[in-house]
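In the text below, chain A, chain B and the rest are named by the order of the sequence lines, each starting its count at 1.
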Amino acid sequence: MAQVHNWHLGRDMEYPYTGGTYDRQFAAVFNINRCIACQTCTMSCKSTWTHSPGQELMWWNNVETKPYGGYPTHWDSRLLSMLETANPGGQTWTKEPGPTSAPYGQFSGQTIFEAADLGQRVLGYIPEENDWKAPNRFEDHATGAPRTGASLPEHEGWFFYLARICNHCTYPGCLAACPRNAIYKRPEDGIVLIDQERCRGYQKCVEGCPYKKSMYRPTTRTSEKCIACYPRIEGSDPLTGGDPMETRCMTACVGKIRMQGLVNVNTDGTWMNEPSHPLYYMVHEEKIALPLYPQFGTQPNIYYIPPRWVPRQYLYQMFGPGVDHAIEAYTRPSRRLLAVLQLFRATQKIIFSFDVEEGPLLSEIVVDGAPMELYDDTAVGFDQNGNEIIRVKVEDPLIERPGKINSL
Amino acid sequence: MTALTSTSPRTRRLIAIGLVLMLAIGFRIFDVTPAAAQSSILTSWSSTTDPGLDPNSAVWADTPATSVQLTAQNVTPPMSTGGIRAVNVRSVHYNNMLYVNLQWADTTPDMSTASVGTFADAVAMQFPSVAASSVPAICMGQADSAVNIWQWRADAQEGVSLMPDRGYVDLYQFTDDLYYPARAAGNIQSSTAAVQNLIAGGFGTLTPLNEQVIAGAGSHGALGWSVTLARPFTAPGENQPAFATGDMVDVAFAVWDGTNKDRNGQKSVSAFVRLEIAGNDFAAPPTVPASDAPFPWDTLALITIAVAVVGLVLAVFGRPSDWDGDDQPDQT
């Protein structure tokens, strides 16, 4: 086992391989507060990649209703339970939030690599066939019916939608578990792929991925997983004229909850300081977006703006100690953040940097009992060469349709 | 753990020694031989009849079997918990074709990998890839000394299910190989070959050879599997051993039990044993009845001596009950 740095955990950890051999990392921010579980992302992925015989139970993208839903069934609570059994009472966070290398403090418990059974590299399990058969079980199930109506900060009866894809982890559990190096992480974008020529269907990746995003296909006797629509990331889609393009699930998002990009990373897996990169800005400057189950230890690269109405203890378990700050910063966004949030789903091209042009005062509102000023600022997105690709204002422009738009 | 750590160091030593002795006696009683302790010699007898690939061919009934002991693979992760303890090996050659029949006890046949979490029963033979001056590492060989592996899998013999029972699907619009990436990539895993001819030069390097020249078939009966593998004495390519009468070659065996979720390194393995390709002038081989096996006096003597030595050592060097001689109970 090598020692690698996991900035989500704020410490070094054991991993079978040394990391840091790549330059850029595929990453995204999902704003849970806006997700309506329409499953358009799910179907866009399904109709692109997993529609052939043997892929019936395969949903590289899924949206599940928390806390009860899960695809596969109870994937997260099962693994959390296994970790708790391996390290009873020890899965805790200590220390105060620190710099970029430890923004959430320090996790003093065991990761899936550190808690692995003797003779195994990763702690995990293989879900059974039935666990994959009801991907949206418990849809819209709340924890209970509120007696007196719902109000913030925490609803009495609650649920929320969790959209999930492969996290293209910096330290992937699937890659660590594969005994024959059939899984690799691309140096140019950190995308994690299963080599379909080398895979021998051992399903160690299905066992080792804590997010259960590696899936077995019986008609080829190999495992397959999300490929991050890499032809689009590479810019080979003719629509963008060679520019990197966001994945199908991202661009199809009706609720505009998603923004995906490529961030530059240092050799220790931390992000390079790029305050004008929208993802860096949201994750490291504003700290409104948090990794999913960082305690698993894989340093996942999909970041979530946590839902404002959910009991904090549940969110701490799911997103770590950064929850309180994230919700506060999102609820009362800074002028700059409010502008950046408008860039979600404004273009299919990947935004590599942004700028904010200040606009006039729109209105004065009250949030959580305190006044807040809204400005009609303009967010401008740029491609990797610094060319402007999108311009969007905080206030949607008012477009008045003519009474008659055609002969009807 | 708490109970164990609260005992005195001497008691812990005694417990440890006792456990080792019990393990050794247990191995003997239950007829388990650690793989490294084996020195079997297998013989491939000359046959006047073609045994064919039928695992139940009459030829095998007349051929003596050698039981090769297997142990859990516990050298590299993912490790095995063991399971299959021995494989009965029979071998003949006919018309410059080497036939090996492998039988092992497994009452639960695992022939389908049509759903997630299912694994097939399988068996493999491993040879040094060429006549090397040194025998390669038993575990998948090494970079400068590869191994040639013949693996038979029960699920491959059953064939790939094109339409798993997973519910109702209106229409599959795309069913060309392109939409089966592993198949499109030429992965032998997705083919219908029941036997794979592979090469490895270290952990994680197992790769199919271009020359898929191993034939084989398996059959499951009341007691377990019977699998026949066959290959001509000479095979194309430089990575496969050549056979000739009078040769002695090294061979090792591995068995996977699907019920035990065996796959990859999670398997039961043997050490390398010697396989002699007997000359054509050999007549019908002698049969050794099991009752002729000598009583294991040697093992019994070894255990007795070990117990005596341990007792002597403890008597001379063991910690006295009152170490400091102050007539007070010791604080540990």
Side-chain angles (χ1 to χ4, degrees), chain A residues 1 16 47-58 72 116-122 124-134 176-183 193-204 206-208 212 214-225 227, chain B residues 72-81 112-120 140 151 153 155-156 160-169 171-191 196 198 200 203-208 261-266:
Chain A
M1 288 274 191
S47 60
T48 308
W49 300 116
T50 61
H51 46 64
S52 291
Q55 296 178 312
E56 295 82 6
L57 310 184
M58 211 180 263
D117 294 333
L118 190 68
Q120 299 292 328
R121 284 178 175 164
V122 185
Y125 74 98
I126 300 182
E128 292 174 8
E129 185 94 346
N130 274 343
D131 292 330
W132 305 90
K133 281 185 172 173
C178 180
R180 54 182 282 95
N181 310 321
I183 302 184
L193 296 173
I194 301 175
D195 184 342
Q196 289 299 313
E197 195 177 339
R198 279 197 64 71
C199 177
R200 286 179 68 80
Y202 297 151
Q203 303 176 46
K204 293 304 285 187
V206 182
E207 186 179 327
K212 297 302 167 222
S214 194
M215 299 158 196
Y216 176 67
R217 182 173 182 180
T219 49
T220 57
R221 294 201 198 97
T222 57
S223 293
E224 297 179 355
K225 66 177 287 298
I227 60 170
Chain B
Q73 188 285 118
N74 55 11
V75 174
T76 189
M79 294 179 190
S80 165
T81 53
S112 169
T113 46
S115 58
V116 63
T118 55
F119 302 96
M140 312 303 284
Q151 189 195 37
R153 288 175 41 150
D155 63 332
V160 178
S161 165
L162 287 178
M163 189 69 176
D165 180 21
R166 291 181 146 187
Y168 299 99
V169 176
L171 173 70
Y172 291 106
Q173 285 189 310
F174 304 100
T175 53
D176 321 340
D177 273 2
L178 181 64
Y179 298 96
Y180 297 83
R183 210 184 285 176
N187 190 338
I188 195 169
Q189 182 71 12
S190 307
S191 77
Q196 298 182 9
L198 308 150
F203 297 129
T205 63
L206 189 68
T207 304
K261 307 271 182 225
D262 280 358
R263 76 275 198 197
N264 58 62
Q266 295 169 244

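Neither the backbone nor the side chain of A:W49 comes within contact range of chain B; no heavy atom of the residue lies under 4.5 Å from a heavy atom of that chain. Only the backbone of A:P127 comes within contact range of chain B, judged by heavy atoms closer than 4.5 Å. Both the backbone and the side chain of A:Q120 have a heavy atom closer than 4.5 Å to some heavy atom of chain B. At a 4.5 Å heavy-atom cutoff, the contact between B:N264 and chain A is made by backbone and side-chain atoms alike. If you measure heavy-atom distances from B:Q266 to chain A, the contacts under 4.5 Å come from the side chain alone.
Partner of B:Q189 under the side-chain contact (heavy atoms from CB on, under 4.5 Å) criterion, chosen from A:R198, A:R221, A:E197: A:R221.
The greatest number of non-hydrogen atom pairs below 4.5 Å with chain A, out of B:S80, B:G204, B:G186, is found for B:G204. Interface summary for chain A: among B:P208, B:A182, B:A184, B:G265, the most heavy-atom pairs under 4.5 angstrom belong to B:A182. Of the listed residues (A:A177, A:C178, A:S52, A:G201), the greatest number of heavy-atom pairs within a distance under 4.5 Å of chain B belongs to A:S52. No other option in B:T207, B:I188, B:L206, B:T205 has as many heavy-atom pairs under 4.5 Å with chain A as B:L206.
Between B:S115 and A:P218, the closest heavy-atom pair is N-CB, 4.5 Å. When all heavy atoms of A:P53 and B:F174 are compared, the closest pair comes out as CD-O, 4.0 Å. Residue B:F119 comes nearest to A:Y202 through the heavy atom pair CE2-O, 3.3 Å, listed as atom of the first residue, atom of the second, then distance.
Side chain of A:T220 to main chain of B:R183: no donor-acceptor pair is present (N/O by atom type, distance under 3.5 Å, no hydrogens or angles). Checked by atom type and distance alone, the side chain of A:Y216 never pairs as donor or acceptor with a backbone atom of B:T118 at under 3.5 Å.
The shortest distance between side-chain heavy atoms of B:P181 and A:R217 falls below 4.5 Å. Within the 4.5 Å cutoff, side-chain heavy atoms of B:Q196 are placed close to those of A:R200. Looking only at side-chain heavy atoms (C-beta outward), B:V116 and A:Q203 come within less than 4.5 Å of each other.
For B:Y180 and A:E224, the side-chain atoms include no donor-acceptor pair closer than 3.5 Å.
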List the steps, then state whether salt bridge (charged side-chain N to carboxylate O under 4.0 Å, His left out) holds for B:K261 with A:E207. CA-CA 12 Å; B:K261 307 271 182 225; A:E207 186 179 327; over 6 Å; no

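In this structure, A:Q196 CD and B:N187 CG are separated by 7.5 Å, a value rounded to the nearest 0.5 Å.
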